[in-house]
Amino acid sequence: MTKKKIWSMALALMLTLSFMGCGKEAEPAKEDGILLGVSQIGSESAWRIGNTRDIEEQADRYGINLMMENANQKQENQIAAIRRFIAYKVDVIAFSPIVEEGWDNVLKEAKDAGIPVILVDRDINTAKEGLTTCLIGADFYKEGVMAAEYLIRKADALEMDHVNIVEIAGTENSTPMRQRQAGFYDTIANDPRMTVLESIDGDFLKSRGAECMRYFLETYGDQIDAVYSHNDEMTLGALPEIEKAEFVPGQDIIIISIDGGQEAINVLKEGKINCVVECTPKLGSALMETVLKLKNGEAVDALIHPEEEVFSDEMDTSTIAPRGY
Ligand code: AHR
């Protein structure tokens, strides 16, 4: 038995035992093949759960042994997971960094160990070169642009002379939060009707979406014309608060969300959300292709963005195919 097979079997046993404690099942290690360590952020949204499932399914399809660890929303857990992957001598490491800063030391350790690192979904901010091989994830800036373009079209259609916006932002210092905000702000900057009343960190969580919305309604009441929410989870948390305050979401207040999970699309079809910008969690296949290329010593693209679209009340929403997350 090779050293890698022994590591693989030992790790499978350890992960099974540790995941039994936190309700997550480990992928069984396969006899041969490539060993991929993946540090996932957590389970904060339907998007994230769909992303985890897709990575697991695609690893299986490509015959790649997967060691997936759930960091439960903590950067220190992600750093510890990457260190374990290095100790286990995996072939490739992939991770979705919860925030952009703070990875230099652990990534230098991976580099020194000769293990290539792929960024999935989110980016890092570092002055150091060559710590990661590539990024496979959405163009979050473009998502922000598309959200703002929708709002401008909607304001035109409703002949609004001003639009007061409240923003429920994603996790502070994360790539989607920064870029979805930048794309949106850059685009509305050209339209004098648009004012952002306030932006609050909703951490991509449904419960925080509700809290933020309660605060906005208490503070700004009927001044609010539009909600720009950085993900479906927070939007779904905000909507009941809007209804409790006796406003009709989608009519009294324009609702714009990002992700495009099934639950949000159902609510779009009901008319309570006006626009959902797609962010696909289906990154698994591109990840496995990249892992194979790295293992074969082939060049990989530095940046892979999936194609994404906009779903809104401007279209026939009955044509939207089932989302799968
Ligand atoms: O990084 C992608 C974002 O993270 C998704 O929009 C959100 O739902 C998830 O939690």
Side-chain angles (χ1 to χ4, degrees), residues 38-55 68 70-75 77-78 94-101 103 118-125 132 135-147 167-184 199-210 212 227-239 255-265 267-268 273 275-284 286-287 303-311 323-325:
V38 177
S39 168
Q40 180 60 286
I41 291 174
S43 315
E44 74 279 9
S45 60
W47 188 100
R48 186 67 54 199
I49 292 163
N51 178 249
T52 299
R53 188 173 55 236
D54 184 60
I55 291 172
M68 177 89 107
N70 182 329
N72 293 311
Q73 260 48 55
K74 290 201 169 68
Q75 183 174 29
N77 289 347
Q78 289 203 283
F95 80 115
S96 299
I98 184 161
V99 290
E100 292 195 334
E101 283 79 21
W103 304 101
I118 301 170
L119 294 167
V120 182
D121 167 35
R122 299 185 185 181
D123 206 351
I124 59 167
N125 181 21
T132 57
L135 167 63
I136 302 167
D139 185 341
F140 298 126
Y141 183 88
K142 190 173 164 196
E143 291 172 356
V145 171
M146 292 194 290
E167 180 184 32
I168 310 178
T171 306
E172 201 175 359
N173 301 327
S174 70
T175 314
M177 178 269 150
R178 285 178 171 167
Q179 295 190 6
R180 285 173 183 166
Q181 183 170 80
F184 188 85
S199 172
I200 309 186
D201 173 8
D203 210 11
F204 289 121
L205 296 169
K206 192 173 190 174
S207 57
R208 286 283 303 139
C212 294
V227 174
Y228 172 42
S229 161
H230 286 199
N231 85 341
D232 288 348
E233 225 59 44
M234 298 187 296
T235 310
L236 294 167
L239 292 179
I255 310 291
I256 303 176
S257 188
I258 300 186
D259 275 356
Q262 191 60 56
E263 199 178 344
I265 294 298
V267 180
L268 170 75
I273 294 178
C275 172
V276 184
V277 177
E278 182 185 31
C279 177
T280 180
K282 295 178 186 170
L283 306 172
L287 172 60
L303 187 59
I304 299 174
H305 283 324
E307 282 298 313
E308 292 176 336
E309 54 183 310
V310 176
F311 307 110
R323 305 293 300 146
Y325 61 99

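Note that ligands are numbered from 1 as they come in the structure, with each ligand's atoms numbered from 1 the same way.
Those atoms of ligand 1 that come under 4.0 Å of a heavy atom in Asp121, given as number and element, are 1 (O), 2 (C). The atoms of ligand 1 that sit less than 4.0 Å from any heavy atom of Pro176 are 1 (O). Ligand-side atoms of ligand 1 in range of Ser45: 7 (C), 8 (O), 9 (C), 10 (O), range being under 4.0 angstrom from any heavy atom.
Atom 7 (C) of ligand 1 has as its closest protein heavy atom Asn231 ND2, 3.5 Å. From the protein, the heavy atom lying nearest to atom 5 (C) of ligand 1 is Asp259 OD1, 3.4 Å. From the protein, the heavy atom lying nearest to atom 3 (C) of ligand 1 is Arg122 NH2, 3.7 Å. The shortest contact between atom 10 (O) of ligand 1 and any protein heavy atom is with Glu44 OE2, 2.5 Å.
Between Gln179 and ligand 1 there is no heavy-atom distance shorter than 4.0 Å. The shell of residues lying under 4.0 angstrom from ligand 1, judged by heavy atoms, excludes Ile258.
Inspection of the Asp232 and Ser45 side chains reveals no N or O donor paired with an N or O acceptor under 3.5 Å.
For Arg180, every heavy-atom contact with ligand 1 shorter than 4.0 Å involves the side chain, none the backbone.
Listed for the Arg122 side chain is no donor-acceptor partner under 3.5 Å among the backbone atoms of Glu100. Judged purely by atom type and a 3.5 angstrom limit, Tyr325 uses its side chain to pair as donor or acceptor with the backbone of Asp259.
The side chain to side chain donor-acceptor pair (under 3.5 Å) test with Ser43 singles out one residue from Asn70, Asn72, Thr52, and that residue is Asn70.
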### Task
Would you please test Thr132 and Asp123 for side-chain contact (heavy atoms from CB on, under 4.5 Å) and show each step?
CA-CA 10 Å; Thr132 57; Asp123 206 351; 6.0 Å; no
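By the 4.0 Å N-to-carboxylate-O rule, Glu101 lies close enough to Arg178 to be salt-bridged with it.
Using cut-offs of 30° and 60° on the angle between ring planes, the pair His230 and Phe204 is tilted.
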